[in-house]
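Values below: all heavy atoms of this structure, side chains included; hydrogens, waters and symmetry mates excluded. Letters A, B, ... mirror the listed sequences (proteins, then strands); counts begin at 1.
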Number of protein chains: 2
Amino acid sequence: MRSVLNITKALADENRLRVLVALQPGELCVCQITEFLGLAMSTVSKHLSILSQAGLVEGRKQGRWMYYRLPEPGGGTEASEAITWVARSLSGNRQILEDGARLKALRRVTPNDLCRKRKTC
Amino acid sequence: MRSVLNITKALADENRLRVLVALQPGELCVCQITEFLGLAMSTVSKHLSILSQAGLVEGRKQGRWMYYRLPEPGGGTEASEAITWVARSLSGNRQILEDGARLKALRRVTPNDLCRKRKTC
DNA sequence: TTTATACTTCGCCAATCAACGAAATATAGG
DNA sequence: CCTATATTTCGTTGATTGGCGAAGTATAAA
């Protein structure tokens, strides 16, 4: 029950839903996610921690940067099935479509360049 | 986004998850659910309202009693798919198994008898 | 080795939410 | 019609949660 409740609670926030959908095309680093959501980095870190505890994202460190990605799809776990449900349920949503457009631009900038230009990091 | 968030927020409470699984075998009336959860009836009513707003349950009035049930399965809606996920994810859970045993006894008592014996109603 | 950097954790605050009892409501039963 | 009843709504309270800036941490870079 604990793990299912961790998942459902993790999904009960709009920003965290947006992150999950944003990670569909591939991993992002914390500074990109921070830029994407427009929140304080400490807040983003907390959100990612909640998602990670629920098994909805996985993190890896590369150099100075921390990347997060979705778990292996088709894993048959509750978490991966929940993510599939989220992605399908929000596929036509307007906010998510706008997010997608902005993300394309964001993915073209390296974390290094992003951090140089911004006080994000 | 609003409707998906309504669903995920509705699922982010243990008692509401238990109600959804309890309704799998068939509808229950408010007083049965109240007895089942062991909460105040006003609290149960509020929980059911949240579930109803999210499209996760449907209500019907019969005489003095208000019954709630799950929406038609296989409807392909986000709500019905979410319920499927919940039921599958919690199918082996201990609390839910214990719930199931208690529910069998509870379903054998009519709402009328339940209300007579108890201050539930 | 020291300094810089990306990220995490902590502490605080305001908003939201689950629980309860009381009041209100709709309607069944006498 | 009046009374009883099952349920819903309201108001209050304590707990939880999302947001922020500051402090702490791990480690890359100089």
Asker: Taking atom CZ of A/R18 and atom CD1 of A/I33, what is their separation to the nearest 0.5 Å?
Answerer: 12.0 Å

Asker: A/A79: which residues meet the side chain to side chain contact (heavy atoms under 4.5 Å, CB included) condition with it, sequence neighbours left out?
Answerer: A/I7, A/L56, A/T77

Asker: Can you name the one residue among A/L48, A/L70, A/L28, A/V44 that meets side chain to side chain contact (heavy atoms under 4.5 Å, CB included) with A/V19?
Answerer: A/L48

Asker: Assign a letter to each nucleotide of nucleotides 14-20 of chain C from its 5' end: B, base within under 4.0 Å of a protein heavy atom; S, sugar-phosphate only; -, no contact.
Answerer: ---SBBB

Asker: Could you check how far CG of A/L114 sits from P of C/dA6, rounded to whole Å?
Answerer: 10 Å

Asker: Given atom CG of A/L17 and atom C1' of D/dG18, what is their separation to the nearest angstrom?
Answerer: 14 Å

Asker: Whether B/Y68 contacts D/dT8 is assessed here as follows: a side-chain N or O lying under 4.0 Å from the phosphate OP1 or OP2. Is that the case?
Answerer: yes

Asker: Of all the nucleotides listed (C/dT9, D/dT8, C/dA6), which has the minimum atom distance to the side chain of A/S45?
Answerer: C/dT9

Asker: Going by number, which of residues 56-64 of chain B have a non-hydrogen atom under 4.0 Å from DNA chain C?
Answerer: B/G63, B/R64

Asker: Rounded to whole angstrom units, what separation is found between the CG atom of B/N112 and the C1' atom of D/dT7?
Answerer: 16 Å

Asker: Donor-acceptor pair, distance only, cut-off 3.5 Å: does the side chain of A/E98 make one with the backbone of A/Q95?
Answerer: no

Asker: If I take atom CD from residue A/Q53 and atom OG from residue A/S3, how far apart are they, to the nearest 0.5 angstrom?
Answerer: 12.5 Å

Asker: Between P on D/dG18 and CZ on A/R18, what's the gap in Å once rounded to a whole number?
Answerer: 15 Å

Asker: Between P on D/dA6 and CD on B/Q32, what's the gap in Å once rounded to a whole number?
Answerer: 13 Å

Asker: Does A/Y67 reach a base, just sugar-phosphate, or nothing at all? Heavy atoms under 4.0 Å.
Answerer: nothing

Asker: Could you measure the distance from the CD atom of A/Q24 to the OG1 atom of A/T84? Nearest 0.5 Å is fine.
Answerer: 7.5 Å

Asker: Can you check the B/L28 CG to D/dA6 P distance for me, whole Å?
Answerer: 17 Å

Asker: Given 3.5 Å as the limit, does a donor-acceptor pair link the side chain of A/W85 with the main chain of B/E78, or not?
Answerer: yes

Asker: Between atom CG in B/L5 and atom C1' in D/dT17, what is the gap in whole Å?
Answerer: 14 Å

Asker: Using a 3.5 Å distance criterion without hydrogens, assess whether the side chain of B/R94 forms a donor-acceptor pair with backbone atoms of A/M1.
Answerer: no

Asker: Are the side chain of B/R16 and the backbone N or O of B/H47 linked by a donor-acceptor pair below 3.5 Å?
Answerer: no

Asker: Output the rounded distance in Å from CG (A/N6) to C1' (D/dT17).
Answerer: 14 Å

